[in-house]
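The structure appears below as structure tokens.
Every number for a ligand or one of its atoms is a count from 1 in the order of the listing.
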Amino acid sequence: MSTSPSNTQPDTNQSWGGRFSEPTDAFVARFTASVDFDRKLALHDIQGSRAHATMLAQVGVLTDDERDAILEGLNEVQADIVAGTFEWSVELEDVHMNIEARLTDKIGITGKKLHTGRSRNDQVATDIRLYLRDEIDTVAAELARLRHGLIELAEREADTIMPGFTHLQTAQPVTFGHHLLAWQEMLSRDHERLLDCRKRVNVMPLGAAALAGTTYPIDRHMTAELLGFERPAENSLDAVSDRDFAIEFTAFASLLLMHLSRMSEELVLWTSAQFAFIDLPDRFCTGSSIMPQKKNPDVPELVRGKTGRVYGHLMSLLTLMKSQPLAYNKDNQEDKEPLFDTLSTVQDCLKAFADMIPAIESKSDNMREAARKGFSTATDLADYLVRKGVAFRDAHDIVGRSVAYGLREGKDLSDMSLDELRQFSETISDDVFEVLTLDGSVAARNHIGGTAPNQVRAAAQRARDALGAINSGATNNGVTR
Ligand code: ARG
């Protein structure tokens with residue numbers, strides 16, 4: 001059915017078909033349509049339209065009656081979408097034209113006035129920002145839940161001793177709580193990055209129209225305020241073309257997933273029979289269809305694997321924007337799928353971790369035994385000798401020879417007798433055993449950032465305070481849609 005005013009017009013697209021002499025090729029229509037994926041933006045599109053219509057009436061471009069009809073119609077459209085009865089049409093190309101067409105079906109000609117003073121170019125940029133802003137708030141809450149779980153677990157494990165590694169070789173004893181708080185630090189930086197990214201998401205393109213602004217007496221500050229945006233975008237050309245905020249979010253997500261993949265890797269190692277440092281409850285693991293004994297740490301493995309797809313989305317978006325001339329280009333339609341998939345991946349991975357971390361069961365005897373075995377107090381012995389006046393280089397050599405002896409004899413440093421130790425240095429006396437114990441070793445690293453149990457407890461408290469401060473400052477735009 002043609003809605004064109006002229007009967008001589010061919011059956012072209014009702015939103016822009018006026019200058020066309022033949023209908024769009026059926027394949028091209030499908031190829032260029034985005035409704036299959038951009039309908040995710042529907043409720044935010046309506047949110048933006050409500051604010052736009054309200055502003056247009058305020059400045060006298062629409063009458064109050066027209067505005068009321070539009071707002072009422074949008075409520076009905078929204079109800080159809082929420083109820084799942086809205087029929088999306090590929091012929092109508094995208095979410096914006098689907099909604100506008102349905103509005104016009106419902107309220108008649110007034111529906112066609114909604115698009116006054118705007119373009120799909122500023123509309124879509126606004127929709128994505130509104131959508132992403134809400135999603136960021138959900139991601140931030142989940143990230144906070146995960147951080148909180150890590151802090152609690154770290155406190156419970158503040159005294160648990162495990163080997164610390166460099167090069168994945170036993171290095172020095174650390175506390176498990178200290179290790180968990182290292183993860184927490186990574187996530188605290190991600191959290192900061194996310195909230196910083198949100199500031200640049202929260203800028204309003206609407207009013208830029210197609211690219212140059214509009215001739216209507218619009219009030220962009222009013223629209224921005226209605227939508228909870230910090231401010232209108234400064235430059236109309238930049239406003240319709242900028243997708244930095246989506247790239248930034250995906251960069252945040254890439255770093256977050258990189259961190260989760262590192263945590264995953266350690267969880268996978270630690271659940272293996274060879275490490276046996278922790279147990280994950282059965283509900284986070286799966287079995288093997290052939291090997292009955294198997295319990296596989298699928299959740300961390302899968303999170304580790306999901307990292308790749310998020311990195312891929314970051315590359316997609318960076319490449320999408322590379323060399324694009326100002327202002328809007330159809331290329332930009334390709335921004336949505338990578339962004340949407342990044343969002344759902346991040347949310348799933350965070351949920352998996354936030355649920356799983358508090359359920360970790362440590363096998364502290366195994367951890368301690370592993371720390372005891374790997375000459376992990378060798379540095380403590382060297383430091384002991386230095387405190388007794390030996391130069392560090394010489395102390396290093398003395399301990400190196402003690403370790404070589406231990407390797408030959410199958411003994412850890414703490415298993416050796418005083419006489420055995422004194423073969424390598426007369427300076428050693430019986431107070432040496434205090435520093436060769438694991439507990440003495442970790443307790444001695446008693447400074448801010450160190451692994452001593454009391455430092456871990458203090459660090460956990462500081463982390464909890466910092467997280468609380470972020471959460472109480474959490475932004476809620478209080479916008480209803
Ligand atoms: N579906 C389009 C997108 O996602 C909306 C904007 C289209 N604007 C245009 N002039 N074709 O980018």
- Item | Tyr328, any N or O under 3.5 Å of ligand 1 N or O | yes
- Message: Angle between ring planes, Phe277 versus Phe275, binned at 30° and 60°: parallel, tilted or perpendicular?
- Response: perpendicular
- To which protein heavy atom is atom 9 (C) of ligand 1 closest, and what is the distance rounded to 0.1 Å? Asn121 OD1, 3.5 Å
- Task: Return yes if some donor-acceptor pair links the side-chain N/O of Thr342 with the main-chain N/O of Val310 below 3.5 Å, else return no.
- Result: no
- Task: May I ask you to check whether Lys330 has an N/O atom sitting below 3.5 Å from an N/O atom of ligand 1?
- Result: no
- Could you tell me how the ring of Trp183 sits relative to the ring of Trp270: parallel (under 30°), tilted (30 to 60°) or perpendicular (over 60°)? parallel
- Message: Give the atom numbers and elements of ligand 1 that come within less than 4.0 Å of a heavy atom of Asp94.
- Response: 1 (N), 2 (C), 5 (C)
- Any nitrogen or oxygen of Ser34, main chain or side chain, under 3.5 Å from a nitrogen or oxygen of ligand 1? yes
- Note on the structure: Nearest heavy-atom approach of Ala53 to Leu114 is CB-CD1, 4.0 Å
- Query: Got a donor-acceptor contact below 3.5 angstrom from the Gln324 side chain to the Leu320 backbone?
  - Reply: yes
- Got a salt bridge between Arg193 and Glu248, using NZ or NE/NH1/NH2 to carboxylate O under 4.0 Å? no
- Task: Mind checking whether Lys336 contacts ligand 1 via backbone (N, CA, C, O), side chain (CB onward), both or neither, at a 4.0 Å heavy-atom cut-off?
- Result: side chain
- Query: Can you find an N/O atom of Glu93 closer than 3.5 Å to an N/O atom of ligand 1?
  - Reply: no
- Heavy-atom proximity to atom 11 (N) of ligand 1, best of Arg120, Gln123, Gln333, His96: Arg120
